[in-house]
Q: 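Here's a structure for you.
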Amino acid sequence: MEKSAVYFTDLRVTVGTSLLDKLKKLLQKAGIGEIDFDGKLTAIKINFGEPGNLAYLRPNYAKAVADLVKELGGVPFLTDCNTLYVGRRKNALEHLEAAYENGFSPFSTGCHVLIADGLKGTDDVSVPVEGGTMVKEAKIGRAIMDADVFLSLNHFKGHELTGFGGAIKNIGMGCGSRAGKMEQHKSGKPTVAQALCRGCGLCAKLCAQAAISYDSARKASIDHDRCVGCGRCIGVCNFDAIANHNDSANDDLCVKMAEYTKAVLAGRPHFHINLVIDVSPYCDCHAENDLPILPDVGMFASFDPVALDQACVDACNRAEPIPGSRLTDLCSAAGFHDRHDHFHNSMPETNWETTLAHAEKIGIGSRQYELITVK
């Protein structure tokens with residue numbers, strides 16, 4: 001397979017030149033100007049960070065990307081979809097408040113913030129996945145699919161289920177609606193924690209299969225013979241009373257995530273940016289962040305998200321772990337088995353290669369790359 005170009009710049013600057021200047025130069029050298037942005041609505045997919053987490057990307061980086069898109073004639077907006085888990089980003093109102101609290105507002109970034117799957121995470125589009133083995137139709141946030149151009153701005157870090165989170169994690173999982181995230185994370189059908197149920201009736205109103213009924217105490221239950229596992233009831237419940245507790249294997253999650261990525265990208269211009277800084281061991285969806293496991297590496301950009309993630313993981317694996325981090329604690333523990341890979345060593349149950357191998361197999365991009373350094 002032909003090598004993809006991945007552009008890289010380090011974090012060294014001279015007096016009078018900022019990292020934001022270097023980021024813009026990197027994107028220009030990587031060819032972002034080849035995209036026709038003229039009057040095009042441009043989604044910039046980013047994780048705004050769960051409040052309490054301080055490792056997420058600073059909004060200054062988002063502003064640099066948005067400003068460049070505007071210079072090229074585009075109409076940018078920052079976007080993410082609601083989360084499946086209990087937290088402060090599970091509906092659009094809380095999600096926007098979290099984004100603003102973490103510094104992402106129209107005033108600080110120069111563009112609007114849209115939560116792509118709507119108020120309760122139920123506003124999605126079913127997108128066919130050509131060549132998908134586990135996902136035939138991905139459930140993607142509507143605003144993301146309505147965009148003319150798609151950019152991803154990704155914090156490259158560790159992840160407890162996928163080994164690392166980079167472009168494909170931010171795109172595939174991040175662009176899924178709440179139902180889409182359930183499809184990726186879970187298997188089976190949801191159940192009701194009746195102690196939490198308020199009997200409001202919203203889940204039953206939304207269920208297209210008439211699978212939800214109420215007992216004499218107005219507690220809901222779900223008939224699994226009727227339920228198709230769409231996850232809409234999870235999205236509409238305001239009280240976290242409905243959940244699915246059947247975890248898929250990590251490899252299945254990685255495959256589904258790659259297939260969701262293909263659904264997002266197919267048929268329109270796209271471009272991707274990974275910042276390998278503050279390499280925390282866990283996802284930015286955590287309401288906390290630990291000491292980084294690796295030193296800052298730099299900024300990467302490419303039209304190919306597969307090559308981009310491969311280049312970043314290779315660069316990380318050439319770095320020395322930070323003393324006192326979770327990674328060095330694990331490496332010094334009794335019975336430690338060296339897997340010769342920082343992300344495997346940090347999260348031994350994960351297998352990040354599955355994500356990139358499947359993404360390459362279904363035609364998203366190539367794991368073979370040429371690294372081009374921008375000074």
Q: For the backbone of H159 and the side chain of T162, can you confirm whether one donor and one acceptor N or O come within less than 3.5 Å of each other?
A: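 Flag not set: sc T162 to bb H159 has no pair under 3.5 Å.
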
Q: Would a single hydrophobic cluster contain both L96 and L78, if residues Ile, Leu, Val, Met, Phe, Trp and Tyr are joined by side-chain heavy-atom contacts under 4.5 Å?
A: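 Yes, L78 connects to L96 through the hydrophobic network.
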
Q: For residues V276 and L294: do they belong to one hydrophobic cluster (side chain heavy atoms under 4.5 Å, members Ile, Leu, Val, Met, Phe, Trp, Tyr)?
A: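 In one cluster: yes.
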
Q: Do the numbers put R58 on top of the ring of Y61, so that NZ or CZ is under 6.0 Å from the six-membered ring centre and no more than 45° off the axis?
A: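 No cation-pi geometry.
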
Q: Whether the H155 and D284 side chains hold a donor-acceptor pair (N or O, under 3.5 Å, no angle test) is what I'd like checked.
A: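 Yes.
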
Q: Would you say the side-chain atoms of S302 pair up with the backbone N or O of P305, donor to acceptor, closer than 3.5 Å?
A: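 A pair under 3.5 Å: no.
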
Q: Less than 4.5 Å apart, any side-chain heavy atom of M145 and any of R268?
A: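 Result yes, sub-4.5 Å side-chain heavy-atom pair found.
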
Q: Tell me yes or no: between the side chains of Q194 and S221, is some donor less than 3.5 Å from an acceptor?
A: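 No donor-acceptor contact under 3.5 Å links the two side chains.
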
Q: Determine, step by step, whether C200 and F239 satisfy the side-chain contact (heavy atoms from CB on, under 4.5 Å) criterion, reporting the C-alpha distance in whole Å, the side-chain angles of both residues, the deciding distance to 0.1 Å, and the verdict.
A: CA-CA 10 Å; C200 68; F239 309 107; 4.2 Å; yes

Q: Please report the interatomic distance SG(C111) to CD1(I44), rounded to the nearest 0.5 Å.
A: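 Atom-to-atom, C111:SG and I44:CD1 are 5.0 Å apart.
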
Q: Just by distance, with hydrogens left out, do N170 and K45 show a side-chain donor and acceptor under 3.5 Å apart?
A: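 K45 and N170 do have a side-chain donor-acceptor pair below 3.5 Å.
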
Q: Can you measure from OG1 (T191) to CD1 (I242) and round to the nearest 0.5 angstrom?
A: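 Those atoms lie 9.0 Å apart.
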
Q: Are the side chain of N47 and the backbone of G174 linked by a donor-acceptor contact shorter than 3.5 Å?
A: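 Not confirmed, N47 side chain does not pair with G174 backbone.
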
Q: Keeping the roles fixed (side chain from H185, backbone from L253), state whether a donor-acceptor pair exists under 3.5 Å.
A: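 Side chain of H185 to backbone of L253: no pair is present.
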
Q: Less than 3.5 Å apart, any donor N or O on the side chain of N351 or N250 sitting next to an acceptor on the other?
A: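 Absent: no donor and acceptor within the cut-off.
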
Q: Checking N317 side chain against H342 main chain: does a donor-acceptor pair fall under 3.5 Å?
A: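 Yes: the side chain of N317 pairs with the backbone of H342.
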
Q: Under a 4.5 Å side-chain heavy-atom rule over Ile, Leu, Val, Met, Phe, Trp and Tyr, are I46 and M299 clustered together?
A: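 Yes; tracing contacts between hydrophobic side chains, which count when under 4.5 Å, links both residues.
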
Q: Among E94, E50, H95, E101, find the residue that satisfies the side-chain hydrogen bond (donor to acceptor under 3.5 Å, both in side chains) test when tested with R88.
A: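 Going through the options one by one, the only one that passes is E101.
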
Q: Hey, does the side chain of K189 reach the backbone of C227 with a donor-acceptor pair shorter than 3.5 angstrom?
A: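 Indeed, once roles are kept as given, a pair shorter than 3.5 Å links the two residues.
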
Q: Would you please indicate yes or no on a ring centroid separation below 6.0 angstrom for F343 and W352?
A: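 Ring centres of F343 and W352 not closer than 6.0 Å.
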
Q: Hey, are D278 and N289 close enough side-chain-wise for a donor-acceptor pair under 3.5 Å?
A: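 Not at all, the side chains of N289 and D278 share no donor-acceptor pair under 3.5 Å.
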
Q: Are V313 and L275 connected into the same hydrophobic cluster when the rule is that any two of I, L, V, M, F, W, Y join if their side-chain heavy atoms are below 4.5 Å apart?
A: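 L275 does not cluster with V313.
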
Q: When clusters are formed by joining ILVMFWY residues with side-chain heavy atoms under 4.5 Å apart, either directly or through shared neighbours, do L308 and L27 land in the same one?
A: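 Looking at the clustering, L27 is in a separate group from L308.
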
Q: Any luck finding a side-chain donor-acceptor pair between K90 and T83 under 3.5 Å?
A: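 On atom types as modelled, these side chains do not qualify, holding no pair under 3.5 Å.
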
Q: Parallel under 30°, tilted from 30 to 60°, perpendicular over 60°: which one fits the rings of F8 and F300?
A: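 Geometry flag for F300 against F8: tilted rings.
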
Q: Cut-off 3.5 Å, side chains only: do D117 and N82 have a donor facing an acceptor?
A: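 Present: a donor and an acceptor within the cut-off.
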
Q: On a heavy-atom basis, which atom in C233 and which in C203 lie closest, and how many Å separate them?
A: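 That would be CB-CB, 4.0 Å.
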
Q: Between H270 and H272, does any side-chain donor sit less than 3.5 Å from a side-chain acceptor?
A: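 Yes, because at least one side-chain N or O of H270 sits under 3.5 Å from a partner of the opposite role on H272.
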
Q: For Y369 and D314, test the side chains for any donor-to-acceptor distance below 3.5 angstrom and give the result as yes or no.
A: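 Looking only at side-chain atoms, D314 and Y369 do form a donor-acceptor pair, the distance falling under 3.5 Å.
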
